[in-house]
Amino acid sequence: MSARDVLRKIIGIELDENSPFGYPARQHALDISHNVILYLDEITVSFDGFKALNKLNLMIDAGELRCIIGPNGAGKTTMMDVITGKTRSDSGTAFFGQSIDLSRLTEAEIAQAGIGRKFQKPTLFEHHSVFENLELAMTTDKRARVTLTACLRDEDRDRIADTLRLIRLDGETDRPAGLLSHGQKQWLEIGMLLMQDPRLLLLDEPVAGMTDDETMRTAELFVSLAGKHSLVVVEHDMAFVKALGGKVTVLHEGSVLAEGDLDAVQNDQRVIEVYLGR
C-alpha cells in the first residue's frame, strides 16, 4: 500500500493528486470570534426513508472537549460523516466557525480547513518507524516518495519530538509501528492527525480495545489537548467519559436527547430508558 493510500485511510478523504499529501495551503480563514467552532442547525439525513439524523442541533465551543454518547443507531457516525463531508445532509446547515459553510466544501477542503477525524481502527505505516510515521503525516511541502530521504529542518524535528512526548511514544521513536501495542498504535495515529495541525478533532471510540491503563492515559492526553484543539469524542466507555470531565451530549434517533455533565445525563430518566438502562 502506498503512502498516499495509507494517508487517505487515516484522514478519510480522497487526496488531491497534484499536491504532496493532497493538502494545498489552507484557503479558508476560521472565524471563532463568537467562541463557537462547530454549529449544526436542523441537520436531517435520510437513508431509504430512515432518518439517521432528524433535525439535529449541536454547538461546540472553541477549545471544548465534548463527548457524544447514545445507543447504536443514534446517528453518531452519520453526524461525523456530515461534518467531514462524507455524507451530505438533506436539509439544515453545518458551519465551521462563523463563516465556513461545510456543505459547500469537499472532504479534502474540509480537512484543509482544519477538521481531522480518527476512525476506530488505527491505520499506520506498519513497516516504518514511529518517527517516520509522524514525518510522513506532517503538513509540509514534501512528496511521499522522498520524505524519508530528505533532510528535516530543525523545527520539523522539534515538532515531531514534541508530538512524541505528547503521545508518550518518545521512548519508541525507532520502533516499527507494527510492533506497537494496540493502545500505542491509537496514540500514534492521533499524533499523525496532530501533525496536520487540526483545529477540530473528531474521535470515534478511541479507547476501544485498550487496557484500563491505556484508557486513562488517553483521557489524560485528550484533556491536555483541549484548549488548543476542540475535540468531539464518540464513546461508549462511561469510565472514560467520566475521566474526560467535559460536557456530554446524548443522541437518540438522530436528535439530541439530553445534554449536560455526565452525572446529569446519567440521572435523566429518558437517557436511562433508551440507553443506560439497557
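By convention here, the first residue in the shown sequence is residue 1.
What you find for E235 and I69 is that their closest heavy atoms are O-CG2, 3.3 Å. Nearest heavy atoms, P71 versus K76: O-NZ, 3.0 Å. In plain terms, the two heavy atoms of S99 and D31 that are nearest each other are OG-CB, 4.0 Å. Closest approach of F50 to G73, counting heavy atoms only: CZ-O, 4.4 Å. Looking at every heavy atom in both residues, L56 comes nearest to L53 through CD2-CD2, 3.9 Å. Across every non-hydrogen atom of L193 and G116, the tightest pair is CD2-CA, 4.3 Å.
Between the side chain of H34 and the backbone N or O of G97, no donor-acceptor pair lies under 3.5 Å. Side chain of E132 to backbone of S129: a donor-acceptor contact under 3.5 angstrom is found. Put simply, the side chain of E273 never gets that close to the backbone of R270: no donor and acceptor are under 3.5 Å apart. No donor-acceptor pair under 3.5 Å is formed between the side chain of D41 and the backbone N or O of T93. A donor-acceptor contact shorter than 3.5 Å links the side chain of T44 to the backbone of K55.
Residues I32 and L105 share a single hydrophobic cluster, defined by chaining ILVMFWY side chains whose heavy atoms lie under 4.5 Å apart. The hydrophobic clustering, which links ILVMFWY residues whose side-chain heavy atoms are closer than 4.5 Å, places M216 and V241 apart. There is no path of hydrophobic side-chain contacts, each under 4.5 Å, that joins F95 to I115. L202 and Y39 fall into different hydrophobic clusters, defined by Ile, Leu, Val, Met, Phe, Trp and Tyr side-chain heavy atoms under 4.5 Å apart, directly or through other members.
In this structure, CG on L40 lies 11.0 Å from CE on M59, to the nearest 0.5 angstrom. We find the CZ-CG distance between F240 and D212 to be 12.5 Å, quoted to the nearest 0.5 Å. Note that CD1 of I100 is 12.0 Å distant from OG of S103, once rounded to the nearest 0.5 Å. Atom NZ of K51 sits about 9.0 Å away from atom OG of S255, to the nearest 0.5 Å. The line from CG of N133 to CD of E126 is 8.5 Å long, rounded to the nearest 0.5 Å. Distance check: I43 CD1 to L102 CG gives 9.0 Å after rounding to the nearest 0.5 Å.
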Run the side-chain contact (heavy atoms from CB on, under 4.5 Å) test on V234 and T77 for me, step by step, so that the C-alpha distance in whole Å, both residues' side-chain angles and the decisive distance to 0.1 Å come before the verdict. CA-CA 8 Å; V234 169; T77 298; over 6 Å; no
Assess the residue pair E135 and H128 against the criterion (side-chain contact (heavy atoms from CB on, under 4.5 Å)); give the C-alpha distance rounded to whole Å, side-chain angles, the decisive distance to 0.1 Å, and a yes or no. CA-CA 10 Å; E135 181 185 356; H128 289 303; over 6 Å; no
Do L166 and L194 pass the side-chain contact (heavy atoms from CB on, under 4.5 Å) test, and can you show the C-alpha distance, the side-chain angles, and the key distance before you say yes or no? CA-CA 10 Å; L166 182 65; L194 292 174; 3.7 Å; yes
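A heavy-atom distance below 4.5 Å is found between the side chains of M79 and I68. For the pair I190 and F222, the minimum side-chain heavy-atom distance is below 4.5 Å. Two residues are said to be in side-chain contact when any heavy atoms from C-beta on lie closer than 4.5 Å; L136 and M192 fail this criterion. No side-chain heavy atom of F119 sits less than 4.5 Å from a side-chain heavy atom of E189. Side-chain contact check for Q98 versus S33: some heavy-atom pair is nearer than 4.5 Å. With a 4.5 Å cut-off on side-chain heavy atoms, D204 and M80 count as touching. A heavy-atom distance below 4.5 Å is not found between the side chains of R217 and M210. At a threshold of 4.5 Å between non-hydrogen side-chain atoms, the residues E109 and R104 do not count as touching.
If you check the side chains of S181 and E214, you find a donor sitting under 3.5 Å from an acceptor. Counting only N and O atoms by type, the side chains of Y275 and H236 include a donor and acceptor under 3.5 Å apart. With 3.5 Å as the limit, one finds no donor-acceptor pair spanning the side chains of D213 and T211. E42 and N57 form a side-chain donor-acceptor contact under 3.5 Å, judged by distance and modelled atom types alone.
Residues forming a side-chain contact (heavy atoms from CB on, under 4.5 Å) with D61 (at least two apart in sequence, or on another chain): N35, V36, E64.
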Quiz: residues 243-250 side-chain donor-acceptor pairs under 3.5 angstrom, not counting sequence neighbours:
unit_1	atom_1	unit_2	atom_2	d
T249	OG1	R66	NH1	2.8
T249	OG1	E259	OE2	2.7

Check: residues 168-180 side-chain donor-acceptor pairs under 3.5 Å, at least two apart:
unit_1	atom_1	unit_2	atom_2	d
R168	NH2	E220	OE1	2.6
T173	OG1	D170	O	3.1
R175	NH2	L179	O	3.0

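By the 4.0 Å N-to-carboxylate-O rule, D81 lies close enough to R117 to be salt-bridged with it. For K86 and E107, the salt-bridge test fails: no basic side-chain N is under 4.0 Å from an acidic carboxylate O. Salt-bridge formation is not detected for the pair R159/D156: no Lys NZ or Arg NE/NH1/NH2 atom is positioned less than 4.0 Å from an Asp or Glu carboxylate oxygen. Using a 4.0 Å cut-off between charged nitrogen and carboxylate oxygen, D154 and R157 do not count as a salt-bridge pair.
Of the candidates L201, L231, I60, L65 forms a side-chain contact (heavy atoms from CB on, under 4.5 Å) with just one, namely L231.
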